[in-house]
Amino acid sequence: MRIGILGDIHSNVEALRAVVDALRHDDADIFVQVGDIVGYGPDPSPCVDIVRDLGCITCMGNHDAAVLGLLDLSYFNDKARAAVEWTRPRLRPSDVEFLRALPLIEQRAGFTVVHGSLHMPDQFGYVISRVEAQHALDEQTTRLCFIGHSHSPCVYLRRTPNTREIDAYADSEIDVSYRGFQRVLLNVGSVGQPRDEDPRAAYGLVDTDEERVWIKRVAYDVPAVQQKILAAGLPHLLASRLALGI
Ligand code: ZN
């Protein structure tokens, strides 16, 4: 089976369409979405529609929680808060209903989906350091776990569930076999707002038969999204950063 994993879409429908096209080309059998469908970008409702229509196995991100009023906005910086406040009145009732139904953690046979970390998932902590990866892996009971939140792709591998040894790969594109590893923690990067200095949309692909994991990148029409962000009256920085991948 091939699992296509996408997340941190952040209301960027141009990037999302490019990733969905790429995942169809990659013969993904099922789709997973790791949270933050909305926030930052100009097209929340079209992104919700695509995630719903793909039948994604999904979880809730901190921006999804914030637009629903489930998270204190003092947690957010000025630009993120402005985008949350811009997004709220523009959501359709059906969008609110869809976002509200998202779980913090979704577990299926063989894999778990969470936005930040399995370690205190409601706190939306990041997995960036090895220590944070250890804490997350300690809570992982399935072989695979898919996360987002940092907007930077990375994969952490343990040969046995409780070993302290971790193999880690962080790069804009990754192609790694996980044969012989019982725990795989994959941060798939961001569709709609990459922060690893590569402006191309990021997504993950896992082949469970080959036991192989990829992070792939796909270019999309960044200037079109930047124009929409400015026309919407969203903060300029949210447009300019897209061209730099920061
Ligand atoms: Zn995010």
Side-chain angles (χ1 to χ4, degrees), residues 5-16 18-19 31-44 46-48 50-51 56 58-68 70-88 91 95 98-99 102-106 113-128 132 136 145-154 170 172 185-204 215 217 220 222 225 229 234-235 237-242 244-246:
I5 312 114
L6 51 136
D8 289 289
I9 297 162
H10 285 298
S11 300
N12 183 337
V13 75
E14 277 76 13
L16 178 56
V19 165
F31 297 92
V32 168
Q33 194 281 126
V34 300
D36 279 2
I37 301 171
V38 300
Y40 293 131
D43 285 308
C47 292
V48 170
I50 290 173
V51 169
C56 288
T58 61
C59 66
M60 185 182 286
N62 55 311
H63 287 253
D64 305 321
V67 298
L68 297 170
L70 301 176
L71 205 62
D72 186 351
L73 283 184
S74 61
Y75 177 91
F76 284 73
N77 66 40
D78 291 354
K79 310 287 186 292
R81 193 181 311 137
V84 167
E85 286 167 348
W86 181 93
T87 302
R88 274 182 185 152
L91 292 176
D95 300 330
F98 182 84
L99 294 173
L102 298 177
L104 272 180
I105 300 174
E106 182 70 72
V113 186
V114 67
H115 185 60
S117 173
L118 284 174
H119 179 64
M120 300 192 289
D122 57 329
Q123 301 297 306
F124 295 108
Y126 291 91
V127 176
I128 297 170
E132 289 157 348
C145 180
F146 306 127
I147 62 170
H149 196 33
S150 72
H151 298 208
S152 293
C154 193
S172 64
L185 174 59
L186 176 65
N187 186 328
V188 295
S190 172
V191 171
Q193 195 195 82
R195 293 179 194 159
D196 60 344
E197 300 181 13
D198 183 339
R200 296 175 298 167
Y203 67 97
I215 292 294
R217 308 302 284 248
Y220 70 95
V222 172
V225 183
I229 288 171
L234 284 159
L237 178 76
L238 298 181
S240 57
R241 67 190 302 175
L242 291 182
L244 303 170
I246 58 172

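We count ligands from 1, going down the list as the structure has it; atoms in each ligand are counted the same way. Hydrogens, waters and symmetry mates play no part in the numbers below; they use all other heavy atoms, side chains included.
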State the atom name: nearest N, O or S atom of [X] to the Zn ion (ligand 1).
X	answer
D8	OD1
H10	NE2
D36	OD2

**Request:** Return yes when at least one N/O/S atom of H151 is nearer than 2.8 Å to the Zn ion (ligand 1), and no when none is.
**Result:**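 A backbone or side-chain N, O or S atom of H151 is under 2.8 Å from the Zn ion (ligand 1).
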**Request:** Answer yes or no: is there a donor N or O on one side and an acceptor on the other, between the side chain of D64 and the main chain of D36, under 3.5 Å?
**Result:**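 Such a contact is found between D64 side chain and D36 backbone.
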**Request:** State whether the side chain of D72 and the backbone N or O of Y75 hold a donor-acceptor pair below 3.5 Å, judged by distance alone.
**Result:**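 No, D72 side chain to Y75 backbone: no donor-acceptor pair under 3.5 Å.
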**Prompt:** For R195, what residues pass the side chain to side chain donor-acceptor pair (under 3.5 Å) criterion, not counting sequence neighbours?
**Reply:**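 For R195, the residues satisfying side chain to side chain donor-acceptor pair (under 3.5 Å) (neighbours in sequence not counted) are Y40, H151, Q193.
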**Prompt:** D43: what forms a side chain to side chain donor-acceptor pair (under 3.5 Å) with it, not counting sequence neighbours?
**Reply:**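 Checked D43 against side chain to side chain donor-acceptor pair (under 3.5 Å); matches are K228.
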